[in-house]
Amino acid sequence: MHHDPRPCSVAIGLGSHDLGVADATACLYRRGMAPLILFTGATSPTTRARMPRGEAVHYRERALGLGVPDHAVLIEPRARNTGENIRFSRAVLDEAGVPVSSVLLVSKPYEERRAHATARRLWPGVTFVSASEPVTFEQYLASVQDDRMVIDMLVGALQRLLIYPARGFMAADPVPAEVAAAYERLCRAGFTSRLIVGGAGVPAAEA
């Protein structure tokens with residue numbers, strides 16, 4: 001999204017397989033970009049073995065290990081998709097009495113746009129600033145050590161940008177023609193494990 005981080009009411013780290021999200025959130029906290037962190041996420045087939053206690057719990061442990069104080073970290077341990085990340089985080093912050101006018105939304109680098117569009121749709125009236133670990137694509141692949149999984153996830157994230165606005169799950173964002181063409185090429189090449197079967201936006205040969 002190319003947003004410049006700025007101070008917000010809270011930093012929300014979206015759960016995933018990637019502990020780099022926790023690292024980036026902790027770094028932003030130490031820079032004074034938010035007085036409070038909330039990590040959100042349960043487990044998924046991708047993270048069950050890597051994070052058996054849940055994504056939010058593992059993220060919190062990582063942040064504490066990086067020097068973030070215990071009192072500055074909340075968790076939301078139930079969310080299993082991006083929509084639930086936003087809705088459940090909002091509920092936790094409401095229950096804790098935390099006033100929220102702006103959110104530093106921290107995700108995997110390739111999920112920034114999807115997370116931002118989802119948050120805009122589900123939490124109106126709040127300003128969202130997207131952030132992620134500042135790495136190149138090559139550095140990211142090296143850190144995850146599973147190129148196939150990353151590309152499959154990129155393709156799945158793009159499909160959701162194409163189909164979710166019509167379903168009311170996220171705000172609409174334009175997808176450039178060259179990006180849509182790359183998505184279709186990757187689908188035809190077999191990077192389809194994260195696609196929603198039967199979803200619009202899937203090339204006919206893969207639907």
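Residues: numbered from 1 along the sequence shown.
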Can you check whether Val175 reaches Tyr183 side chain to side chain, under 4.5 Å on heavy atoms?
-> no

Which pair of non-hydrogen atoms, one from Glu55 and one from Gly15, has the smallest distance, and what is that distance?
-> OE1-C, 3.3 Å

Say you draw a straight line from OG1 of Thr40 to CG of Leu74; how long is it, rounded to the nearest 0.5 Å?
-> 11.5 Å

Which residues pass the side-chain hydrogen bond (donor to acceptor under 3.5 Å, both in side chains) test with Thr82, sequence neighbours left out?
-> none

Determine yes or no for a side-chain-to-main-chain donor-acceptor pair under 3.5 angstrom, with Thr136 supplying the side chain and Gln139 the backbone.
-> yes

Do Met1 and Met33 share a hydrophobic cluster (ILVMFWY, side-chain heavy atoms under 4.5 Å, transitive)?
-> no

Roughly how far, to the nearest 0.5 Å, is the CG atom of Leu158 from the CG atom of Leu195?
-> 10.0 Å

How close do Pro7 and Ser102 get, heavy atom to heavy atom, and via which atoms?
-> O-OG, 4.3 Å

hydrophobic_cluster_shared for Val73 and Val103, side chain cutoff 4.5 Å = no

Return the set of residues passing salt bridge (Lys or Arg N to Asp or Glu O under 4.0 Å) with Arg114 (not counting sequence neighbours), or none when no residue passes.
-> Glu111

Would you say Leu19 and Arg50 make side-chain contact, with heavy atoms under 4.5 Å?
-> no

Side chains of Arg62 and His58: is there a donor and an acceptor less than 3.5 Å apart?
-> no

Should the heavy atoms of other residues, nucleotides or ligands under 6.0 Å from CD of Glu178 be counted, would the total exceed 12?
-> yes

Looking at Pro165 and Ala171, what are the two nearest heavy atoms and their distance?
-> CG-O, 3.8 Å

Check: Ser130 main-chain N/O paired with His3 side-chain donor or acceptor under 3.5 Å = yes

Rounded to the nearest 0.5 angstrom, the OG1-CG distance for Thr25 and Leu105 is 9.5 Å

Single-linkage hydrophobic cluster, 4.5 Å side-chain cutoff, Val100 and Leu38 together | yes

Pick out which of Asn85, Thr47, Val21 makes a side-chain contact (heavy atoms from CB on, under 4.5 Å) with Ser16.
-> Val21

Give a yes or no answer on whether the side chain of Glu76 reaches the backbone of Ser89 with a donor-acceptor pair at less than 3.5 Å.
-> no

Other than Leu154, what residues sit in its cluster of Ile, Leu, Val, Met, Phe, Trp and Tyr side chains whose heavy atoms are under 4.5 Å apart, directly or through others?
-> Tyr110, Val135, Phe137, Tyr140, Leu141, Val144, Met149, Val150, Met153

Spatial distance of atom CZ (Phe128) from atom CD1 (Ile12) [nearest 0.5 Å] | 7.0 Å

Validation row: Arg80, Thr43 side chains within 4.5 angstrom (heavy atoms) = yes

Minimum heavy-atom distance Gly190-Arg148, with the two atoms named | O-NH2, 2.5 Å

Shortest non-hydrogen contact from Ser101 toward Ser9 = N-OG, 3.1 Å

How many angstroms lie between CD1 in Ile86 and CG in Asn81, if you round to the nearest 0.5 Å?
-> 10.0 Å

State whether the side chain of Arg160 and the backbone N or O of Gly156 hold a donor-acceptor pair below 3.5 Å, judged by distance alone.
-> yes

Would you name the heavy atoms of Pro35 and Ala72 that are closest together and state the gap between them?
-> O-CB, 4.1 Å

Donor-acceptor contact present, side-chain Arg30 to main-chain Gly67, <3.5 Å | no

What residue pairs, at least two apart or across chains, pass ring pair (Phe, Tyr, Trp, His ring centres under 6.0 Å) with a residue in residues 14-41?
-> Phe39-Tyr59

Side chains of Ile196 and Tyr164 in contact at under 4.5 Å (non-hydrogen atoms) | yes

First locate atom CZ of Arg121, then atom CZ of Phe169, and finally report the distance between them rounded to the nearest 0.5 Å.
-> 9.5 Å

With sequence neighbours excluded, residues passing salt bridge (Lys or Arg N to Asp or Glu O under 4.0 Å) with Arg113 = Asp173

Quick one: do Leu14 and Val10 end up in the same hydrophobic cluster if we chain Ile, Leu, Val, Met, Phe, Trp and Tyr together by side-chain heavy atoms under 4.5 Å apart?
-> yes

In one Ile/Leu/Val/Met/Phe/Trp/Tyr side-chain cluster, 4.5 Å: Leu36, Leu28 = no

Those residues at least two apart in sequence (or on a different chain) that pass salt bridge (Lys or Arg N to Asp or Glu O under 4.0 Å) with Arg53 are Glu61

Can you find a side-chain donor-acceptor pair between Arg194 and Thr46 that sits under 3.5 Å?
-> yes

